[in-house]
2 protein chains.
Amino acid sequence: MDAVPHSTGPSSAGPKSAGPERTGPKHAGRTARERARAELTAEIKREARRQLSDQGAQGLSLRAVSRELGMASSALYRYFPSRDDLLTALIIDAYDALGARVEAADRAVADRGAHRARWRAVCGAVREWAAGQPHEYALLYGSPVPGYIAPEATIGPAARVPFALFGVVVDAWTAGALADPGDALLPELEMQAAIITGALNVIELPHGTVVRTGIAWTQLFGMVGFELFGHLAGTLDPADAFFAHTVEAMATLIGLPADPPDAPAPPA
Amino acid sequence: MDAVPHSTGPSSAGPKSAGPERTGPKHAGRTARERARAELTAEIKREARRQLSDQGAQGLSLRAVSRELGMASSALYRYFPSRDDLLTALIIDAYDALGARVEAADRAVADRGAHRARWRAVCGAVREWAAGQPHEYALLYGSPVPGYIAPEATIGPAARVPFALFGVVVDAWTAGALADPGDALLPELEMQAAIITGALNVIELPHGTVVRTGIAWTQLFGMVGFELFGHLAGTLDPADAFFAHTVEAMATLIGLPADPPDAPAPPA
DNA sequence: GTGAAAACAAGAGCACTGATCTCGAATTTG
DNA sequence: CAAATTCGAGATCAGTGCTCTTGTTTTCAC
């Protein structure tokens with residue numbers, strides 16, 4: 001997600017003081033002060049998320065948040081050193097919310113061997129989440145907001161969706177349901193596919209399949225973003241059919257076989 | 001810069017009064033005042049675009065623009081009723097710049113029958129333009145900036161890229177170089193494909209091909225956006241190979257045949 | 001030409017914003 | 001209990017988009 005290793009350094013969420021880390025993450029908020037701090041932090045984020053959902057990142061105002069919470073604006077800086085840090089915290093939360101939703105959608109498919117149904121579920125979950133929280137989606141996948149350097153802490157949560165997508169493909173492959181497309185790859189791409197395969201903790205996965213899944217990944221977010229940001233208006237605008245069709249087309253591109261007949265059929 | 005004849009219309013730049021339209025669009029700036037107005041408008045946009053390229057839409061400040069131009073900030077409102085209107089003007093210009101670049105890249109392929117080469121050229125032009133003006137790309141395809149309602153005047157310029165993509169496909173089809181993929185489409189999608197086909201002024205085009213081109217269109221922008229916004233970092237980050245490979249894969253998905261041997265070969 | 005009408009630039013001002021600093025009050029820690 | 005730390009509030013600063021008023025300049029019709 002971000003190329004610079006030290007990213008924000010001391011400027012990410014939370015107070016910069018290394019502070020009372022001695023207890024470790026045993027249970028939340030030992031002292032009353034710590035508990036109050038955690039609660040207030042959560043409350044700030046909740047109110048900020050509310051404003052974000054209302055008017056987008058542009059309309060998120062520290063002063064408005066503090067006003068709504070009945071505190072001075074300056075007090076907010078004890079919890080988030082800057083507006084961007086608050087935004088970063090919201091970004092991480094949003095990545096995690098989306099990731100959790102997607103993973104849940106995958107898990108909800110009872111038949112773990114119905115790979116195409118799982119693929120549908122994962123893709124559909126992305127679209128549904130985006131439709132439900134358009135501003136948060138825009139925060140994650142739209143233009144980077146400030147000058148911005150994506151903090152290190154976001155790359156983990158951000159990877160959950162591609163992990164879910166690749167998880168389905170890996171399962172299909174290890175189940176023997178996938179054929180090697182036998183694509184010829186450029187050397188650079190071959191190496192990158194190898195790195196991805198390694199990150200997936202899987203013995204082997206045809207590199208052509210890896211790349212095709214990458215194509216489907218970028219396609220999915222391109223399509224969802226276009227729908228959400230109005231670029232499909234006038235042509236593919238009610239995008240339900242286009243989306244459903246495309247998800248199948250991408251599954252076919254990867255090579256996911258049709259599900260057994262008792263699996264949930266494609267919508268409509 | 002702008003292609004639409006009356007350019008801004010009543011709602012964007014310019015005073016709201018219908019004013020001196022009697023002369024018609026014969027030649028730019030008849031009276032001295034009109035000429036000065038046109039020049040200043042262009043100068044404002046130029047300076048605004050400069051600031052945009054520097055710090056993104058977030059960093060575009062009316063006051064800074066006026067300061068740089070040596071005028072009072074209030075005077076700027078005679079030319080653009082609001083900051084969003086200035087942004088809208090920049091958006092339209094950017095769409096046109098991108099569209100012109102893409103169309104030029106297509107035209108630059110001498111052999112009009114080398115459809116795959118033209119496809120490569122068009123896709124590559126999108127990526128190159130995006131890399132060259134990341135902030136303007138973000139303005140067009142990132143999160144909608146204000147509360148925002150895409151003004152009517154943007155849809156024309158915005159359509160130039162998909163038109164260029166479809167143009168290649170239509171040419172390939174009319175040249176008999178394309179096979180009907182014979183995709184089964186949902187009724188809604190079938191209707192939308194018919195609408196698109198109608199908008200293309202082409203007698204017939206297999207609806208499956210239309211939809212596949214739509215898939216490639218969304219994939220292209222998803223991939224370019226992901227690269228530009230850093231979502232490929234750590235995996236497919238130097239995206240040249242991935243991009244080249246994917247462009248070919250999408251051309252294959254549509255059914256564009258390989259070019260004749262004397263045509264420019266795929267890069268690398 | 002001349003006088004009315006329209007367009008214009010500038011300045012003051014409003015209601016905001018993010019951010020910093022200082023100063024008492026509360027709380028945790030030794 | 002005392003010292004150290006954390007905390008909240010107020011004042012303040014520089015900056016923003018935008019509006020309104022005032023006086024000047026240009027244009028247009030007679």
Side-chain angles (χ1 to χ4, degrees), chain A residues 10-11 14-23 29-41 43-44 48 51-52 55-90 145-148, chain B residues 10 13-23 29-41 43-44 48 51-52 55-90 145-148:
Chain A
S11 84
K16 58 192 65 171
S17 67
E21 195 72 34
R22 47 165 180 69
T23 59
R30 245 187 43 77
T31 90
R33 187 164 248 170
E34 275 172 0
R35 182 140 34 146
R37 177 176 190 88
E39 264 180 36
L40 238 179
T41 305
E43 208 163 344
I44 290 170
Q51 290 192 19
L52 190 78
Q55 326 179 24
Q58 196 87 231
L60 176 67
S61 152
L62 283 190
R63 291 184 111 108
V65 169
S66 70
R67 209 177 303 131
E68 207 69 23
L69 264 55
M71 59 197 306
S73 68
S74 55
L76 243 165
Y77 285 80
R78 297 227 176 252
Y79 298 85
F80 296 93
S82 83
R83 198 192 94 117
D84 287 2
D85 288 271
L86 175 54
L87 264 180
T88 297
L90 295 181
V145 189
Y148 213 64
Chain B
K16 57 193 68 170
S17 68
E21 195 71 34
R22 47 163 183 68
T23 60
R30 243 187 47 76
T31 90
R33 185 163 251 171
E34 273 173 1
R35 184 140 32 148
R37 176 175 191 88
E39 264 181 36
L40 237 179
T41 304
E43 208 163 344
I44 290 170
Q51 290 194 16
L52 190 78
Q55 326 180 22
Q58 197 86 231
L60 175 65
S61 152
L62 282 190
R63 289 184 115 110
V65 169
S66 70
R67 208 178 303 131
E68 207 70 23
L69 263 56
M71 60 198 304
S73 68
S74 55
L76 243 165
Y77 284 81
R78 296 223 172 253
Y79 299 85
F80 296 93
S82 83
R83 198 192 94 117
D84 287 2
D85 287 87
L86 175 54
L87 264 180
T88 297
L90 295 180
V145 189
Y148 214 63

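In what follows, every chain begins at residue 1, and chains take the letters A, B, ... in the order their sequences are listed.
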Set of residues satisfying side chain to side chain contact (heavy atoms under 4.5 Å, CB included) with respect to [X], sequence neighbours excluded:
X	value
B:Ser73	B:Arg63, B:Ser66
A:Glu68	A:Glu47, A:Arg50
A:Ala72	A:Ser74
A:Thr41	A:Arg37, A:Tyr79, A:Phe80

Roughly how far, to the nearest 0.5 Å, is the CG atom of B:Leu52 from the CD atom of B:Gln58? 11.5 Å
Rounded to the nearest 0.5 Å, the OG1 atom of A:Thr88 sits from the CZ atom of A:Arg83 at a distance of 10.5 Å
Base, sugar-phosphate, or nothing for A:Leu60, non-hydrogen atoms under 4.0 angstrom? sugar-phosphate
Using a 4.0 Å heavy-atom cut-off across all strands, classify B:Leu40 as base, sugar-phosphate, or nothing. sugar-phosphate
DNA chain C contacts among residues 62-70 of chain A, heavy-atom distance under 4.0 Å: A:Leu62, A:Arg63, A:Arg67
Figure out the [atom1]/[atom2] separation between [X] and [N], and round it to whole Å.
X	N	atom1	atom2	value
B:Glu43	C:dA9	CD	P	12 Å
A:Leu76	D:dG8	CG	P	9 Å
A:Gln58	C:dC16	CD	P	17 Å
A:Arg83	D:dG15	CZ	C1'	14 Å
A:Met71	D:dT6	CE	C1'	13 Å
A:Leu87	C:dA19	CG	P	10 Å
B:Phe80	D:dT16	CZ	P	18 Å
A:Gln55	C:dC16	CD	P	13 Å

Test item: B:Leu60 and B:Leu90 side chains (from C-beta on) under 4.5 Å apart, heavy atoms: yes
Any side-chain heavy atom of A:Arg78 within less than 4.5 Å of one from A:Leu40? no
Looking only at side chains, do B:Asp85 and B:Ser82 share a donor and an acceptor under 3.5 Å apart? yes
Could you run down the sub-3.5 Å N/O contacts of the protein with nucleotides 19-25 of chain D?
| residue | atom | partner | partner atom | Å |
| --- | --- | --- | --- | --- |
| D:dT25 | O2 | B:Arg33 | NH2 | 3.2 |

